[in-house]
Amino acid sequence: MNIQLDTTRVMNKPIFIVGSPRSGTSILTWCLGQHSNILVQEESDWLGRFALDVEAAYQSGTHRGERSQLGSLGVQRPEFFNCFGDAINNLILQHRYERRRIALEEAMATPASDLRLPAFQTERSDSDPKGRWVDGTPEYSFYICGLRKLFPGAVFIHLLRDVKSVVRSMLKFKQTGGPALVENEQQAYDYWLRTVRACFKAERAYGSRVVYRMLYCDLVGDSARTLRLLLDFLQEPYEPACLEPLQHRINSSNVPPDFTPVDPQTGQEVEARQLEAELMNDRTPVPPSGAIAAELEAEFEKRVHHNQNVNKYHRRALRKIAALEKQLEQLRCESPGRLKPWQRWMHRRQHLGKSVRSERISPQE
């Protein structure tokens, strides 16, 4: 069921909870979702890549200047992005009751669902304004620059958890029924480092008024005070209902207390612990930096360029593979004894074929 928005209560100021997976992003999303003015969302996954596509579309619509449609209309880049951001914001808020209906159906269909608990509600009253929404997709750690283009009023909460706990949880994540996040301890440390570095870089680029660093240990150890401070940052009044989800464990990896992973190949552990200590011990507000923001803009443009050309790269690689396979067949017919070097090449080609089939650049790169 769609609803008409009360435009006096609606604000295009979404809240994105970012940080490494297994850092408590899900539970914090549900905590904020209990607030009368914040609508909880499932992880969306698509918004970051959509921002790349919007930039590519704008470049296509203006590449010939006044001879291009958008160029001839005088449409500026911020206006173009805002148009899509406003539409997405309104679409989400207009479907709040549909979101509630689907959540209830899911809860009723799954006896053990967390959504059956009173602490996990999409709305607590029909009179709740729900004028903004919260999305806890960890992968958005790599898309903060693009999301700010779509939603200039957005804020980001970097939920930081100690790396040891995150690594242990990542290695046991399959026990939740989800896909494996990492294959080994080294990958887990690397994943934590990449996401936390991305969030910290965004904090230095845009300042602490846009990217709010919050410690997981504070959330679970001093919950009421931590959520009060967070809601002050969000400019929302404190509501005790936001504490209720913390009384339950959800999406847990159920890591045994005696589980101590040891991987002698892990080289990032020392680096991760140094970064963890720096971010946890220094809570001084960070001012925005134009130079670092420019670096993020350049990285954003690079990813847009890659996405625009990835199909061309793919076709070029496939043509090269086809030509080499034809040469190999000719050699097989003419001189079977010369095949050993080509057999080594075939082994390499299998790995090459896997890499060129990727449709988009990985957000971790």
Side-chain angles (χ1 to χ4, degrees), residues 5 9-21 23-48 50-51 81-82 84-96 99-100 103 120-124 128-161 195 198-199 202-203 205-216 218-219 223 226-239 241-246 250:
L5 292 179
R9 309 295 292 275
V10 169
M11 57 184 78
N12 193 351
K13 294 183 178 180
I15 304 158
F16 293 99
I17 300 175
V18 294
S20 170
S23 292
T25 53
S26 296
I27 194 66
L28 181 56
T29 300
W30 277 107
C31 286
L32 290 180
Q34 305 314 296
H35 193 281
S36 61
N37 197 41
I38 302 174
L39 181 65
V40 66
Q41 293 291 293
E42 296 286 351
E43 292 185 18
S44 56
D45 298 321
W46 63 278
L47 285 170
F50 182 73
F81 270 91
N82 288 349
F84 289 97
D86 287 342
I88 293 168
N89 186 68
N90 291 338
L91 190 70
I92 289 172
L93 295 177
Q94 284 171 348
H95 286 75
R96 57 183 279 195
R99 166 83 178 95
R100 180 173 66 179
F120 296 85
Q121 300 182 47
T122 56
E123 294 185 52
R124 289 174 171 258
D128 287 349
K130 297 289 183 183
R132 63 199 299 198
W133 44 278
V134 57
D135 184 324
T137 304
E139 284 297 306
Y140 287 164
S141 304
F142 304 108
Y143 290 98
I144 294 175
C145 178
L147 291 171
R148 274 177 49 80
K149 293 176 181 293
L150 284 172
F151 309 105
V155 290
F156 301 83
I157 303 166
H158 175 199
L159 187 58
L160 178 65
R161 188 180 185 187
T195 49
C199 293
E203 181 183 354
Y206 307 123
S208 299
R209 293 186 177 181
V210 173
V211 182
Y212 180 91
R213 194 190 321 159
M214 176 176 171
L215 304 188
Y216 176 82
D218 290 342
L219 178 64
S223 307
T226 301
L227 283 172
R228 280 184 185 276
L229 291 173
L230 176 58
L231 289 167
D232 284 345
F233 166 76
L234 296 173
Q235 297 181 337
E236 298 287 352
Y238 175 74
E239 295 182 7
C242 295
L243 290 169
E244 293 184 20
L246 292 170
I250 64 168

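Predicted model, so just to flag it, every value in this text is computed and none were measured. Worth knowing before you read on, the calculation uses all heavy atoms, side chains too, and leaves out hydrogens, waters and symmetry mates.
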| task | For side chain to side chain contact (heavy atoms under 4.5 Å, CB included), just list the numbers for L227 and L219, CA-CA rounded to whole Å, side-chain angles, deciding distance to a tenth of an Å, and then say yes or no. | result | CA-CA 7 Å; L227 283 172; L219 178 64; 4.2 Å; yes
| request: Report the C-alpha separation of N89 and W133 in whole Å, then their side-chain angles, then the decisive distance to 0.1 Å, and conclude whether the side chain to side chain contact (heavy atoms under 4.5 Å, CB included) test is met. | output: CA-CA 8 Å; N89 186 68; W133 44 278; 2.8 Å; yes
| request: Give the intermediate values and the outcome of side chain to side chain contact (heavy atoms under 4.5 Å, CB included) for residues V40 and W30. | output: CA-CA 6 Å; V40 66; W30 277 107; 3.8 Å; yes
| request: List the steps, then state whether side chain to side chain contact (heavy atoms under 4.5 Å, CB included) holds for Y143 with T137. | output: CA-CA 10 Å; Y143 290 98; T137 304; over 6 Å; no
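Residues G19 and C199 approach most closely at N-SG, 3.7 Å, considering heavy atoms. Smallest separation of non-hydrogen atoms from G136 and P138: O-CD, 3.2 Å.
Shown here are the ring-ring contact (aromatic ring centres under 6.0 Å, His included) partners of Y212, two or more places apart in sequence or in another chain: F233. Residues satisfying the salt bridge (Lys or Arg N to Asp or Glu O under 4.0 Å) criterion with R228, sequence neighbours excluded, are absent altogether. Under the salt bridge (Lys or Arg N to Asp or Glu O under 4.0 Å) criterion, D128 pairs with no residue, sequence neighbours left out. Listed by chain and number, the residues in a ring-ring contact (aromatic ring centres under 6.0 Å, His included) with F50 are W46, F84 (sequence neighbours excluded).
In this structure, the separation between OH on Y140 and CD on E43 is 9.0 Å, given to the nearest 0.5 Å. Of the inter-residue distances, the one linking L147 atom CG with D135 atom CG reads 8.5 Å to the nearest 0.5 angstrom. Distance check: L229 CG to L234 CG gives 11.0 Å after rounding to the nearest 0.5 Å. Atom CD of residue E236 and atom CG of residue N37 lie 4.5 Å apart, to the nearest 0.5 angstrom. Expressed to the nearest 0.5 Å, how far CG of L32 lies from CZ of R132 amounts to 9.0 Å. Atoms CZ and OG, from F16 and S44 in turn, are 6.5 Å apart once rounded to the nearest 0.5 Å.
Under the 3.5 Å distance criterion, the side-chain polar atoms of T226 are matched with a main-chain donor or acceptor of D218. Between the side chain of Q34 and the backbone N or O of P245 there is no donor-acceptor pair closer than 3.5 Å.
Annotation: side chain of L243 is in contact with side chain of Y238 (closest heavy-atom distance under 4.5 Å). Under the 4.5 Å side-chain criterion, counting only non-hydrogen atoms from C-beta, C31 is not in contact with T29. In this structure the side chain of P21 reaches within 4.5 angstrom of the side chain of T195, judged on heavy atoms. Between P237 and H35, some side-chain heavy-atom pair lies under the 4.5 Å cut-off. Contact of the S36 side chain with the P129 side chain is registered, since non-hydrogen atoms from C-beta on lie closer than 4.5 Å.
Under the side-chain contact (heavy atoms from CB on, under 4.5 Å) rule, L39 has a single partner from I15, V134, L93, which is L93.
Look at E244 and R124 and you find a salt bridge, because one of the NZ, NE, NH1 or NH2 atoms lies within 4.0 Å of a carboxylate O, short of that distance. Salt-bridge formation is not detected for the pair K130/E123: no Lys NZ or Arg NE/NH1/NH2 atom is positioned less than 4.0 Å from an Asp or Glu carboxylate oxygen.
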Per-pair distances, 0.1 Å, donor-acceptor, side chain in residues 153-161, under 3.5 Å, sequence neighbours excluded:
unit_1	atom_1	unit_2	atom_2	d
R161	NH1	R22	O	2.9

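Sorted by first and then second residue, the side chain to side chain donor-acceptor pair (under 3.5 Å) pairs involving residues 145-157 (not counting sequence neighbours) are K149-E297.
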